[in-house]
Amino acid sequence: MTVSERGRSTLEDSVVIRGLGKTFGSVEVLRNVNLDVKKGEAVVIVGSSGSGKSTCLRCINRLEEPTEGHIFVGGHEVTGKGVDLNALRRRIGMVFQSINLYPHKTALGNVTLALRKVAGLSKAEANEKGRRHLELVGLGQKADSYPAQLSGGQQQRVGIARAMALEPDVILFDEPTSALDPELVGEVLNVMVRTKELGMTMVVVTHEMQFAREVADRVVFMDHGVVLAEGTPEEILVAPEHPRIREFLTRTK
Ligand code: ADP
Ligand code: MG
């Protein structure tokens with residue numbers, strides 16, 4: 001597929017998804033999903049459990065193999081054979097629900113690992129950049145702490161610093177606060193607000209509706225593997241036309 005065949009999107013788009021389909025065996029979990037995320041935008045995906053949100057994110061960095069369709073990240077097609085998956089994942093940050101720091105590395109060590117191994121920075125360069133990104137997430141003082149010495153919220157903030165430090169085309173967040181104690185959710189959401197303010201392109205799956213309303217440039221509502229509606233936070237989360245979305249919102253309040 002060439003750029004002109006992708007429709008109205010341009011190379012300025014960080015993520016372009018066209019006709020994405022995914023089946024697991026005979027079960028169709030994504031059907032004709034289309035999405036455009038422009039540079040610097042935050043797109044929030046909401047929807048019931050099992051609607052295909054995680055599968056959609058995982059197709060973007062090929063943790064899942066799409067069955068149909070095309071995905072472009074930073075102007076490069078990521079679907080199809082012959083794509084260098086390591087190079088692809090270098091350009092896509094991912095922050096998961098389960099916090100996945102290396103336990104035997106410090107906060108700084110976790111942030112600098114990929115900078116050294118993947119981006120090829122020298123130790124001094126990686127440390128400087130790593131410290132700068134820990135400062136950005138408010139953890140400059142915790143650079144030498146191990147994950148076990150940090151709260152879940154702090155660990156997730158290290159994960160965000162790690163993703164940002166690689167300066168990816170986009171960071172994918174899959175329910176980054178769902179595993180946290182309620183009192184720790186706010187600090188992680190605040191860091192995500194800051195990430196957006198710094199101009200990072202973000203695709204965020206979350207049940208935090210207030211965050212979605214305040215931060216999203218666009219909200220995508222997924223239902224049974226399809227994009228049921230897409231619009232401004234106002235259109236989707238405040239005054240949705242679709243009865244299915246109204247029902248979802250009453251349940252998540
Ligand atoms: P969400 O993130 O919106 O909760 P998921 O993308 O995790 O939804 O899952 C969508 C559907 O795909 C669910 O029905 C789930 O059971 C199914 N599914 C997800 N991953 C797999 C897999 N590896 N094998 C089989 N079915 C899967
Ligand atoms: Mg999920």
Side-chain angles (χ1 to χ4, degrees), residues 15-37 42-71 73 78-79 85 88-89 92-101 152-153 155-156 159-160 163 170-182 184-185 188-189 192 195 201-213 215-216 218-231 233 236-237 240 242-253:
V15 181
V16 176
I17 300 179
R18 288 287 174 271
L20 175 64
K22 174 69 183 170
T23 55
F24 288 110
S26 59
V27 184
E28 189 176 43
V29 299
L30 293 177
R31 181 155 41 90
N32 192 26
V33 171
N34 297 289
L35 185 68
D36 293 73
V37 186
V43 170
V44 171
I45 303 178
V46 299
S48 304
S49 176
S51 58
K53 305 180 299 296
S54 294
T55 305
C56 184
L57 283 194
R58 292 165 60 81
C59 282
I60 297 175
N61 66 359
R62 297 271 305 269
L63 287 173
E64 298 291 356
E65 278 304 312
T67 321
E68 273 184 75
H70 299 269
I71 302 175
V73 175
V78 305
T79 33
L85 291 183
L88 165 70
R89 290 175 190 150
I92 302 175
M94 183 115 195
V95 180
F96 297 91
Q97 176 178 344
S98 59
I99 301 160
N100 57 348
L101 300 180
Q155 291 181 41
Q156 200 58 309
I160 296 172
V170 58
I171 303 183
L172 312 174
F173 294 84
D174 194 357
E175 300 199 29
T177 60
S178 295
L180 298 176
D181 290 337
L184 303 178
V185 168
V188 174
L189 294 177
M192 291 167 65
T195 307
T201 310
M202 302 159 67
V203 182
V204 183
V205 173
T206 186
H207 294 291
E208 297 292 334
M209 292 303 150
Q210 194 183 332
F211 171 85
R213 278 194 295 270
V215 179
R218 259 163 330 110
V219 177
V220 171
F221 185 89
M222 288 194 65
D223 192 42
H224 293 105
V226 300
V227 173
L228 197 64
E230 184 184 338
I236 305 297
L237 300 177
H242 211 292
R244 182 75 195 84
I245 304 178
R246 285 206 291 271
E247 182 215 336
F248 170 82
L249 290 176
T250 19
R251 274 192 287 120
T252 50
K253 260 179 199 134

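In this text, all values refer to a predicted model and were calculated from it rather than measured experimentally. Indexing begins at 1, ligand by ligand and atom by atom, following the structure's order.
Among all heavy-atom pairs drawn from V33 and G225, the shortest one is CG2-O, 3.7 Å.
Around atom CZ of R89, more than 12 heavy atoms belonging to other residues, nucleotides or ligands sit under 6.0 Å away. Around the CD atom of Q210, the shell of radius 6.0 Å holds no more than 12 heavy atoms that belong to other residues, nucleotides or ligands.
Side-chain contact between V205 and C56: absent, with no pair of heavy atoms (C-beta onward) separated by less than 4.5 Å. Using a 4.5 Å cut-off on side-chain heavy atoms (C-beta onward), S48 and R251 make contact.
Between the side chain of Q156 and the main chain of F96, a donor-acceptor pair closer than 3.5 Å is present. A donor-acceptor pair under 3.5 Å is absent between the side-chain atoms of E230 and the main chain of R218, judged by distance alone.
For ligand 1, the protein residues within 4.0 angstrom (heavy atoms only) are F24, V29, S48, S49, G50, S51, G52, K53, S54, T55.
If you check the side chains of R18 and T79, you find no donor sitting under 3.5 Å from an acceptor.
Below 30°, between 30° and 60°, or above 60°: for F248 and H207 the angle between ring planes is between 30° and 60°, a tilted geometry.
For the Mg ion (ligand 2), the count of nearby protein N, O or S atoms, meaning those under 2.8 Å away, is 1.
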